[in-house]
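Only one structure is covered here, and it is reproduced in the block below.
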Amino acid sequence: MAVTTAPPRDQESGAARRHRSTTRSLLRLWPYVRPVRARLFAAAAAAVVASCLGLVIPLVLKWMVDGPVAGREPGGVWLGGALLLALGVAEAGLFGLRRWLVARPLASVEASMRASLYRHLQRLPVTFHDRWASGQLLSRATTDLMLLRRFLAFPLTFLVVNGVTILVGFAILLAQAWTLGLVLLVPAVPLMILCSLFETRYSAIARSAQDQTGDLTTVVEEGVLGIRIVKGFGRHRSQARAFRALAERVRATELRKAGLLATIWALIMTLPELAIGAALVLGTIQVADGDLSAGTLVAFLSTALALRWPVESLGFLLAMSQDSATATDRFFEVMDATPADTVDRPAEDTASVLPRQRGEGGLRFEAVEFRYGDAPRGTPPVLRGVDLHIRPGETMALVGATGSGKTTLTALVPRLHEVTRGRITLDGRDITALPREELRALVAVAFEEPTLFSATAGENVLMGADGADRAALARALRVAQAEFVHALPRGTDTEVGEQGLSLSGGQRQRLALARAVVGAPRFLVLDDPLSALDVHTEARVEAALRQVLATTTALVVAHRPSTVLLADRVALLEEGRIAAVGTHHQLLRDSAAYRALMAGQDGEDDHEGGNGEDGP
Ligand SMILES: Nc1ncnc2c1ncn2[C@@H]1O[C@H](COP(=O)(O)OP(=O)(O)OP(=O)(O)O)[C@@H](O)[C@H]1O
Ligand SMILES: [Mg+2]
């Protein structure tokens, strides 16, 4: 894993971000919310009723002030008190019910969103993952989804509840004393304008805060995964500096967010208070003049005070909705990613023109051209017209200078990348026409960098084939000379740690090789599978591999002559084309470039070519 001090890739720079509406973003959550809609609506209804019950309290007060209190009837006062108590209990009960209704379904909404995000990430092509920083994906799968669950549980309901409460409350206010009610309505217009201004500014900041958190996650992740390099090169200071700089940026953004929130909140709190104050003064005058009963004024003011929370909460409810809209956008940015190459290519000209040659088995590359999607414009494709036929049962070694495109070519066979032109056939069938599952069952791969998962050694190997049994596992371990596994504390059930880092490089490579051969695949694609082995182990692996290769059609990227000797024929990749094909000896005789490559003194501009990993 590379350790960078440069800021990680930002997916979408602020300026390029299109304007979008909060509501439209949030509406996209509907498919996930649908399954729990009944409970969610019930919860909202319970909360609306509870909140409106709260508004009845002032009316009871009014009745008490104007009736039993004015008439000095203790019985009436007791009755009123009991009524108030009952209302309070009912309100509390309903709010409790709301909480109970939403907790479980919303956890399941979050889980299902996370599951579909994960599923989608697994299906997205390698090119997508090449482009996206893993921290960005991590933060979307964790922080953003948590935000969304919280939004569905709380702000969403309360926007509705408080909205309804405010409407009902104002209706009551106007019904009781419409002049005073109008006084309270005065701040509504400036507040609405302020809120919409706030929304625009807040949404931009919320978005950068969330993106920056993603970047921060990336830095932490790289620092942890690359801890060996960081320590080995004494880079902890510069890593820490990079982290601090980014953390500082996140802090600054969060502070700006908080500042904005504080401003809007101050306004939302102050304006209504002023209005209530004004109404109080006016109301007192009216009571003194005898235009208004004392009870009505009490009820009016208690209603107004009861509306304070719903109104004041609007500020942060809107802010939370804004955060959630941003989180939704970030979630769907990943979900919407279906780059052209995940879609199975329609049978293209070349595919339809070239007839399926019967009896032409094996692995065949026909005029294969490939360029990386993110390669700078104007650069030539990595592969330019590769023609190569590996006959059934044959082992073909692929050699070429470093950077000549060997790894790229091998990645095309399991369709980790899609060819840009030409086609690849397995036993005469175009790989784009094969269902992925069939393709993956036909072809097994082992890459230069052996990737292991946090699982047991045995599980890592058995991942190579569905339904492979213990016998297949033992055989694969033997072939790959990975029998060291049996000596581990718990044998094949030993956990190999995150990325298999508790194993040596050669051990990891052999496990990856075992994974490739465990399913006895028809086609085997090995990218320099023996590079990390010492000469003796290599010789033993080769001896065992020979048996496997005898029964499969294989393409083996090789750097060392000893690996090349495993193959029946050798193909030399040069400048994106197959420059020569033949047996090792033929090529040694006929191709100067091949001689140079094998002798470890390649004539290419790239001086690492071929000899980089040669033994003594
Ligand atoms: N994901 C990628 N995006 C863009 N360019 C890439 C990507 N991966 C590789 N390349 C480029 O493609 C070219 C071929 O790379 P490739 O890994 O296939 O070489 P290779 O022959 O396997 O080299 P080596 O012998 O060092 O393993 C290189 O120039 C490399 O910079
Ligand atoms: Mg390579």
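Atoms within each ligand, like the ligands themselves, are counted from 1 in listed order. Given the structure is predicted, the values throughout are model-derived calculations rather than measurements.
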So if I count the atoms of ligand 1 from 1 in the order they appear, which ones are less than 4.0 Å from some heavy atom of H559?
25 (O)

Under the salt bridge (Lys or Arg N to Asp or Glu O under 4.0 Å) test, residues paired with R522 that sit two or more places apart:
D427

Please verify the inter-ring angle class for Y594 with H584; under 30° counts as parallel, over 60° as perpendicular, anything in between as tilted.
perpendicular

Top protein contact for atom 11 (C) of ligand 1, by heavy-atom distance:
Y372 CE1, 3.9 Å

Counting backbone and side-chain atoms alike, is an N, O or S atom of T407 positioned under 2.8 Å from the Mg ion (ligand 2)?
yes

Between D430 and T425, do the side chains contain an N or O donor and an N or O acceptor separated by less than 3.5 Å?
no

Among all the protein's heavy atoms, is there at least one whose distance to atom 19 (O) of ligand 1 comes out below 4.0 Å?
yes

Among all protein heavy atoms, pick the one closest to atom 28 (C) of ligand 1 and tell me residue, atom and distance.
G403 O, 3.9 Å

Could you check whether R508 pairs with E449 (Lys NZ or Arg NE/NH1/NH2 to Asp/Glu carboxylate O, under 4.0 Å)?
no

Short side-chain donor-acceptor distance under 3.5 Å, R330 and S139
yes

What do you reckon, does G400 put a non-hydrogen atom under 4.0 Å from ligand 1?
no

Among K406, R371, R131, whose heavy atom sits nearest atom 21 (O) of ligand 1?
K406

Region of V382 that comes within reach of ligand 1 [heavy atoms, distance under 4.0 Å]
side chain

Location of contacts on D130 toward ligand 1, heavy atoms closer than 4.0 Å:
side chain

Would a line drawn from the ring center of F365 to the ring center of F370 be shorter than 6.0 Å?
no

